[in-house]
**Q** 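After the structure tokens below, expect a handful of questions from me.
Order of the sequence lines sets the chain letters (A, B, ...), proteins ahead of strands, with each chain counted from 1.
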There are 2 protein chains.
Amino acid sequence: MKERSIDSLISRLRIRVKEQNLKNTSQRELIMAAMYKHKGHFTPEEILAFAQKEEGGKNIGIATVYRALNFFEKEGFVVSISFGADGKKYELNIKEHHDHMICTECGKIIEFESDEIEKLQEAEAAKKDFVIKDHAMQIYGICKDCQKTNKGKN
Amino acid sequence: MKERSIDSLISRLRIRVKEQNLKNTSQRELIMAAMYKHKGHFTPEEILAFAQKEEGGKNIGIATVYRALNFFEKEGFVVSISFGADGKKYELNIKEHHDHMICTECGKIIEFESDEIEKLQEAEAAKKDFVIKDHAMQIYGICKDCQKTNKGKN
DNA sequence: CTTGATGCAAAATATTTGCATGCTC
DNA sequence: GAGCATGCAAATATTTTGCATCAAG
């Protein structure tokens, strides 16, 4: 499971910004750095809180987080995942593979990877002349722990 | 690609309702029937509009749609998918497989299925002692049409 | 200096909830 | 009849936007 370093992420960010004749800002980089530190799936509000704890991030506003996340998502730095009542959550896209099992009882997210599935995805995409930029897979079900506690259901 | 009939869906709904000592209502059934007719991915507002066009659905409220969708999702009748700025969309879960390719340029959703991926998902879940109830897979990228129109990008 | 980005607050959306009343069972 | 579900409106929550100002290039 190869991961990118924060440095390579930031430099990729700067490249993408430059390519589009936009301006680089410390806020956007702080938001990315904050997401890098707190690996996982978070709401924009949570990401804001993390970013504000970063050096120099005291007064970042929520609007900036939304703007940054939308940009990151468009550029493929971030993926969003939504499940049930939990709303939309964002995660830095730093892993080679990107798949989740989500427990519908407790909301726990288990990550996994499969090269075989990856290859089959590429094969399916090729059939439809579709160029893959990113992918996400969610398996919904009952995790090990909840199977124990939740016998009589269904 | 086997699909359930609307009748089997409604009867499954009634069973789930009864099991939980809830009460069956025409609204919930109308919402399900409306989703069945308009196969695809829709926002709660869109689903409301469809349901209101159903016989006897004139004055269904948006709150009822949200309540129904939350119930349907909890019970596995419906899956939600969220991508980029498009917000959360719901789809009746009537197909055996449930996978999507989403074009990040035009938002088009291409459906596909793969038994092999299905089997691998089961294998992965087994490794983690996870009981699959449902699954969803999204491949993000550029569709055939947008590849033509959009040469110079990236 | 030009123009994109930010922070703030307001606006627009989306989603949930309280409550009186209607319907199932 | 008892109690869940509904519709409506109000309350929240979420996300976007306008605008004055800041700051990158």
**Q** What is the separation between atom CG on B:Leu48 and atom P on D:dG7, rounded to the nearest whole Å?
**A** 9 Å

**Q** How close or far is atom C1' of D:dG7 from atom CD1 of B:Ile31, stated in whole angstroms?
**A** 12 Å

**Q** Determine, for B:Tyr36 and B:Lys39, whether the Lys NZ or Arg CZ falls below 6.0 Å from the six-membered ring centre while staying within 45 degrees of the axis.
**A** yes

**Q** Output yes when B:Glu46 and B:Lys89 qualify as a salt bridge under the 4.0 Å nitrogen-oxygen rule, no when they do not.
**A** no

**Q** Quick one: label B:Ile62 by what it contacts on the DNA or RNA (base, sugar-phosphate, nothing), any heavy atom closer than 4.0 Å.
**A** nothing

**Q** Measure the distance from CD on A:Gln27 to P on C:dA5 and round it to the nearest whole Å.
**A** 11 Å

**Q** Can you identify which nucleotide, out of C:dG4, C:dT6, D:dG3, has its nearest atom closest to the A:Thr64 side chain?
**A** C:dT6

**Q** Using OP1 and OP2 only, check whether a side-chain N or O of B:Thr25 sits under 4.0 Å from C:dC23.
**A** no

**Q** Starting at atom CD of B:Glu29, determine the distance to atom C1' of D:dA5, rounded to an integer number of angstrom.
**A** 13 Å

**Q** Given D:dT15, C:dT16, C:dT24, identify the nucleotide with an atom nearest to the side chain of A:Tyr66.
**A** D:dT15

**Q** Suppose we call a contact any N or O donor and acceptor under 3.5 Å apart; does that hold for the side chain of B:Arg67 and the base of D:dG7?
**A** yes

**Q** Looking only at side-chain atoms of B:Ala63, point me to the closest of C:dT15, C:dA5, D:dC8.
**A** D:dC8

**Q** Round to a whole Å and report the spacing from NZ of A:Lys23 to P of C:dG4.
**A** 6 Å

**Q** Please verify the inter-ring angle class for B:Phe50 with B:Phe42; under 30° counts as parallel, over 60° as perpendicular, anything in between as tilted.
**A** perpendicular

**Q** Just by distance, with hydrogens left out, do B:Glu54 and B:Gln27 show a side-chain donor and acceptor under 3.5 Å apart?
**A** no

**Q** Return the value, rounded to whole Å, for the distance between atom CG of B:Asn21 and atom P of D:dA5.
**A** 10 Å

